[in-house]
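Here the structure is laid out as structure tokens; the discussion comes afterwards.
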Amino acid sequence: MTELIGVYGASGCGRGILPIVRLQMPQARVVFIDDAAPADFINGHDVLSWSEFMYSPAGSKSVCLAIASPAVRATLAARCDHNNIPLFEARHSSVVQFDQVEIGDGACLSPFVVLTSNISIGRGFHANLYTYVEHDCVIGDFVTFAPGAKCNGNVHIGDQAYIGSGAVIRQGSAEKPLRIGAAATIGAGAVVLNDVPPGATVVGNPATILVRH
Ligand code: UDP
């Protein structure tokens, strides 16, 4: 029986990630899963509800979480865990990864992502097009890097933070890492020079707090 891989999310993010999965797993049946399916068939692939996915016959099943929202990915990962469905890592062949990089399950690594050395990353990481993570960074669970986000060395990022498109995070140091708190949002194009509190939204150059949690 064939392997079934569900790409959760049939919107913009999912349509960008499904082709990566298809390239990685040419023998598998790759479908979208969506709780509010916009159509039954998108870009040549079936769109299933969660229950349709669960009841579909298959030799094995896994789920790729292809939704940009960190909180939604965390919720859907819990659903997968509860149902003993493993998370699938989407990784484009152009991804560059150097030494001693630990990365949790279920990441989505888009084309032209670079992860250098001595990096620890949690579950369900999204590194969208042209993002990088430099040396000695520690990144929590379900963190999203929108396209072009740049994270320099010795930065610690808490769970479910969202780094907007083109944002730049200045490097910290081994003694004093630059810290982005859990569930913080970094606006597109922001230049982050200082620590960001948990839950805060920062924008601009230099980035300043727009919303404090
Ligand atoms: N979605 C879902 N289950 C959820 C939350 C979202 O199936 O619990 C789907 C939603 O129906 C939509 C997609 O995920 O089709 C998210 O699309 P959106 O355009 O909001 O975000 P993106 O594709 O950029 O992540």
Side-chain angles (χ1 to χ4, degrees), residues 4-24 29-56 58 61-92 95 103-113 121-131 139-151 157 159-167 182-190 201 203 211:
L4 177 63
I5 304 174
V7 174
Y8 218 130
S11 190
C13 185
R15 282 181 287 118
I17 288 171
L18 186 140
I20 301 172
V21 177
R22 191 175 61 215
L23 281 167
Q24 275 176 282
R29 179 182 178 217
V30 183
V31 299
F32 288 106
I33 305 170
D34 203 290
D35 297 319
D40 294 339
F41 197 64
I42 294 179
N43 293 353
H45 294 265
D46 291 324
V47 184
L48 307 184
S49 65
W50 173 253
S51 60
E52 286 168 335
F53 175 79
M54 289 303 290
Y55 285 115
S56 291
K61 293 180 189 178
S62 57
V63 163
C64 175
L65 299 173
I67 294 173
S69 160
V72 171
R73 286 204 306 288
T75 301
L76 295 178
R79 179 181 290 180
C80 291
D81 294 346
H82 183 72
N83 289 280
N84 291 316
I85 303 286
L87 300 184
F88 181 87
E89 181 184 273
R91 177 184 287 252
H92 191 261
V95 171
I103 184 161
D105 57 335
C108 291
L109 307 176
S110 293
F112 311 112
V113 164
I121 300 174
R123 307 187 76 192
F125 180 50
H126 263 212
N128 215 314
L129 307 164
Y130 294 101
T131 56
I139 295 180
D141 292 332
F142 307 109
V143 169
T144 298
F145 277 31
K150 298 172 174 65
C151 182
I157 302 181
D159 295 343
Q160 299 187 32
Y162 182 95
I163 316 300
S165 188
T185 300
I186 310 300
T201 297
V203 296
V211 179

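Being a predicted model, the structure only gives us computed values, none of them experimental. Every number for a ligand or one of its atoms is a count from 1 in the order of the listing. For reference, positions follow the sequence shown, starting with 1.
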Q: Measure from atom 3 (N) of ligand 1 to the protein's non-hydrogen atoms and state whether any distance is below 4.0 Å.
A: yes
Q: Name the closest protein heavy atom to atom 20 (O) of ligand 1, giving the residue it belongs to and the distance to 0.1 Å.
A: Ser11 OG, 5.0 Å
Q.
What protein heavy atom lies closest to atom 23 (O) of ligand 1? Include the residue and the distance to one decimal.
A. Cys13 N, 2.9 Å
Q. Counting heavy atoms only, which part of Asp34 comes closer than 4.0 Å to ligand 1: side chain, backbone, both or neither?
A. both
Q: List the closest protein heavy-atom neighbour of atom 8 (O) of ligand 1: residue, atom name, distance to the nearest 0.1 Å.
A: Asp35 OD2, 3.5 Å
Q | Protein heavy atom at shortest distance from atom 14 (O) of ligand 1 | A | Ile67 CD1, 3.3 Å
**Q.** Minimum-distance pair of heavy atoms, taken over all atoms of Ala149 and Ile163
**A.** CB-CG2, 3.8 Å
Q: Would you mind telling me which of His126, Gln160, Arg73 makes a side-chain hydrogen bond (donor to acceptor under 3.5 Å, both in side chains) with Thr144?
A: Arg73
Q: Would you mind running through ligand 1 and noting each atom that sits below 4.0 Å from a heavy atom of Ala36?
A: 11 (O)
Q.
Suppose we measure from atom 5 (C) of ligand 1 to each protein heavy atom; which comes out shortest, and what is that distance?
A. Val72 CG1, 3.6 Å
Q. With respect to Phe125, which candidate in Ile157, Val113, Asp105, Ile103 satisfies the side-chain contact (heavy atoms from CB on, under 4.5 Å) definition?
A. Ile103
Q. Do the side chain of Asp141 and the main chain of Arg123 share a donor and acceptor less than 3.5 angstrom apart?
A. yes
Q: Look up atom 11 (O) of ligand 1 and tell me if a protein heavy atom lies less than 4.0 Å from it?
A: yes
Q. Ignoring hydrogens and geometry, is there a side-chain-to-backbone donor-acceptor pair from Ser165 to Pro147 under 3.5 Å?
A. yes
Q. For Trp50, is the nearest heavy atom under 4.0 Å from an atom of ligand 1?
A. no
Q. Out of curiosity, is Gly12 lining ligand 1, as in a heavy atom under 4.0 Å away?
A. yes
